[in-house]
Amino acid sequence: MAIGQSQAPTETVGVMAPPPLAEGPRVPWRRTPEGRARLLGISMFAPAVLYITALIGLPLVLAFVYAFTDVKVGSATSHWVGLENFRSILQSPSFRQALLNSFIFTIVSQVLVIVGSTTLSLALKDKFHGRGFVRFLILLPWVAPISLGAIGWKWILDSLYSVINWVLVALHFYKPYSAPMWLGEPVLAMASVILVHTWRLLPFSTVILLAGLTAIPKDIPEAAEVDGAGFWRILFQINIPMMLPIINVAVLFGIIFTFTDMTVVYILTAGGPFDSTQVLPSLAFFTGILAGDLSQGAAISLFLVPILVVVAYLMLRMAHRAEIT
Amino acid sequence: MAVVETRALTKVFKEGEVGAVNDVNLQTREGEFLVFLGPSGSGKTTLLRMIAGLEQPTRGEILIGGSVVNHLTPRERRIAMVFQSYALYPHLSVYKNIAFPLKAQGVKKELHRQKVEWAAELLGIERLLDRKPRQLSGGERQRVALARAIVREPTVFLLDEPLSNLDAKLRASAREELELFHKRIGTTTIYVTHDQVEAMAMGDRVMVLHQGYVRQIGTPTEVYDHPSDTFVATFLGSPPMNLLENGEAIVGFRPEHLQPVELVPQAATTFRLRVKNKEYLGAEWILYGIVSGGKFDGRELISRLGSAASHQTDQTYDFGVGEQDLHFFDRQTEKRTGAKVLAWR
């Protein structure tokens, strides 16, 4: 934007300037105002382009190439195998489990995040004593490094040292040594992973929704109140519909963050027990990097692409529309 | 229809600070159009919001239809309010906007269409029912807001500066429409404005507020011709009333009463004025004069003259005020007092 603006006047100068005369010292292009502006633009833009090309573009291209070959970690040569990798992963029960888990993980955690963050943002909208402190507390999980947060949760959910179990035992809900194994039983493990991820995404979504909520003029819910609407009617027929564009943005961001994230799964359960919490990114990592089967890992991770393309497209459209209204 | 009453109504936003509304006692009359008039920060909107139930009073009572409603929510007070911004629901069509109060108050669904159409017809917006608020002009939005307020036939109508978002030309016609509208529905209406023209033109009675205190309640004629204090005297009328301190009294007279001496045969007092500046407003002249000589030498006085006047800048003329046009106020309290003998020369 800034580049375009700075170029506009220099371009008109260029149009109006007389054609260069044959005699006299010729000014090199890069010294002309137009040239300077363009060079400045390029140099400001270059780091971002380089960064994205080297760390995102190149691996993406490599992933596409690898997915159609039989390359392994450490192998010097590779062969074109066509769709063989895709055929084999589609037949693998681990992959099918991971695909299903990815959807469960994403959908359930997003539902929880949206319900939770809508509630939180509505609660934090009005002034009360200590609001600043509560807002700070809610933001903490987002500010803390995810790996540290997840390691903290690993202890909280640990089979031996779990504080949750300690409390449950102390309250006589369970006998010692028979308390739930949060990360050791398939359903509980999935629930734990989802809850920790929800905990992690909640602040981000809350902040987005708070911004959207404060943009609603105070008069409108007040008018609804005078019109005779109660709390729930105002919430569901006025506030939430008016927040919808911003909720969409939060959901789409959340889907991308969840679908592509493996930190929580990796740290808490490493996909276990028995692949019950395995998601596509973690499976791709275990297969491609740890097991060294680069081509299969690439093929697994490419399965995310069509889904993410659709989500990203929707996200951009929503963001654009939210900007306009 | 109902009467709104407040008793010693007070609102203090922050403890220890001066109140936004102080000790307001008022009682509307049945079907009356009552205007709250005051400059910004005078507490008029806060007062209205307390009546609506959007703001809790710090002290005092609010009665609607004879019973205390302090503890009732806006929903239970059965009043309608039009906001300054109109506060239309942007995601709902005009039809759904107007139907919203019906839905919210549990009116039978079969009656919705009939009632919405009745309200829309009353305001001439039948053809807009399918549109969204953002597709409407300012004047149309105002009508939708009115239709939404009227649709459930409220007992009291509260209007918070509903004309302030319209441009000048539209405002005059919208004002007239509102007046006719009130005559037709006859509901008790409280109207908040900072515009004295609106207040004078529309109000059956005008309540002048300043810093949260009621300065005067009266008909437009009463507040204009017999202002209760110097604030009311200068707030109403444009240009404002001329005020001159004289001993323990303040003497006031309106610009239209300061006329060339030849037009005031029995002038109670005269001034020699040098014309400093003059403004031609089409139907009239506004003259800014400096008193020359006498006790008030150097003071500025404003006169309002017919368009035929031909006074020249920097010339000196004699002006006079008739006895009946003089107002007297106490210098300490700034309250209106009885007529006094002028002895200022």
Side-chain angles (χ1 to χ4, degrees), chain A residues 114-115 117-118 121-123 125-132 208-252 314 317-325, chain B residues 13-14 45 48-55 72-93 96-107 119 132-134 141 144-162 165:
Chain A
I114 287 307
V115 173
S117 59
T118 307
S121 63
L122 286 167
K125 169 182 62 105
D126 298 319
K127 273 198 182 128
F128 58 85
H129 209 70
R131 179 175 71 163
I208 291 189
L209 293 191
L210 255 181
L213 202 57
T214 38
I216 298 179
K218 209 174 78 201
D219 301 14
I220 290 180
E222 279 183 352
E225 211 181 327
V226 175
D227 278 345
F231 174 80
W232 296 108
R233 190 183 290 275
I234 294 176
L235 180 64
F236 283 108
Q237 294 184 5
I238 304 293
N239 281 340
I240 289 183
M242 287 185 70
M243 287 164 78
L244 215 51
I246 200 86
I247 290 181
N248 279 330
V249 172
V251 169
L252 292 172
L314 287 176
R317 243 180 56 156
M318 293 287 182
H320 183 64
R321 206 187 292 169
E323 224 169 73
I324 291 169
T325 48
Chain B
F13 278 107
K14 235 183 193 164
T45 296
L48 193 77
R49 287 169 59 85
M50 283 196 283
I51 294 171
L54 294 170
E55 210 83 68
L72 297 184
T73 58
R75 169 196 170 96
E76 293 158 334
R77 295 188 190 192
R78 309 231 146 220
I79 34 110
M81 180 161 168
V82 174
F83 288 72
Q84 185 170 7
S85 62
Y86 310 140
L88 299 180
Y89 310 127
H91 57 292
L92 299 180
S93 67
K96 286 192 171 161
N97 261 281
I98 301 175
F100 187 85
L102 300 175
K103 248 166 66 182
Q105 303 206 322
V107 174
K132 286 279 178 73
R134 66 167 175 279
R141 280 178 204 186
V144 175
L146 278 172
R148 187 176 71 185
I150 192 69
V151 72
R152 68 201 130 120
E153 299 166 65
T155 53
V156 180
F157 234 142
L158 307 178
L159 304 167
D160 186 7
E161 308 217 14
N165 283 340

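Just the heavy atoms: all of them, side chains too, but no hydrogens, waters or symmetry mates, feed the values below. Order of the sequence lines fixes the chain letters, A, B, ..., with proteins taken first and strands second; residue numbering starts at 1 for each chain.
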**Asked** With side chains defined as the heavy atoms from C-beta onward, is the minimum distance between B:L92 and A:P241 less than 4.5 Å?
**Response** no

**Message:** Taking the side chain as everything from C-beta on, heavy atoms only, tell me whether B:Q105 gets closer than 4.5 Å to A:D227.
**Reply:** no

**Asked** For the atom pair CD1 (A:I220) and CZ (B:F83), what is the distance rounded to the nearest 0.5 Å?
**Response** 10.0 Å

**Item:** Which atoms of B:L88 approach chain A - backbone, side chain, both or neither, heavy atom under 4.5 Å
**Value:** backbone

**A:K125, NZ: over 12 other non-hydrogen atoms inside 6.0 angstrom** = yes

**Request:** Determine yes or no for a side-chain-to-main-chain donor-acceptor pair under 3.5 angstrom, with B:H91 supplying the side chain and A:Q237 the backbone.
**Result:** yes

**Proximity breakdown for B:R152 and chain A, heavy-atom pairs closer than 4.5 Å** = side chain

**Request:** Please determine, among A:R233, A:K218, A:M242, A:E225, the option with the most heavy-atom pairs under 4.5 Å with chain B.
**Result:** A:R233

**Message:** Let's test your reading of the structure: which of B:G53, B:P90, B:A52, B:A80 forms the most heavy-atom pairs below 4.5 Å with chain A?
**Reply:** B:P90

**Request:** Determine yes or no for a side-chain-to-main-chain donor-acceptor pair under 3.5 angstrom, with B:Y89 supplying the side chain and A:A224 the backbone.
**Result:** yes

**Prompt:** If you look at every heavy atom in B:R148 and A:A223, which pair is closest and at what distance?
**Reply:** NH2-CB, 3.6 Å

**Message:** Please classify the contact of B:R49 with chain A as side chain, backbone, both or neither, using a heavy-atom distance under 4.5 Å.
**Reply:** side chain

**Message:** Using every non-hydrogen atom in the two residues, find where B:P74 and A:V226 come nearest and quote the distance to one decimal.
**Reply:** CB-CA, 3.9 Å

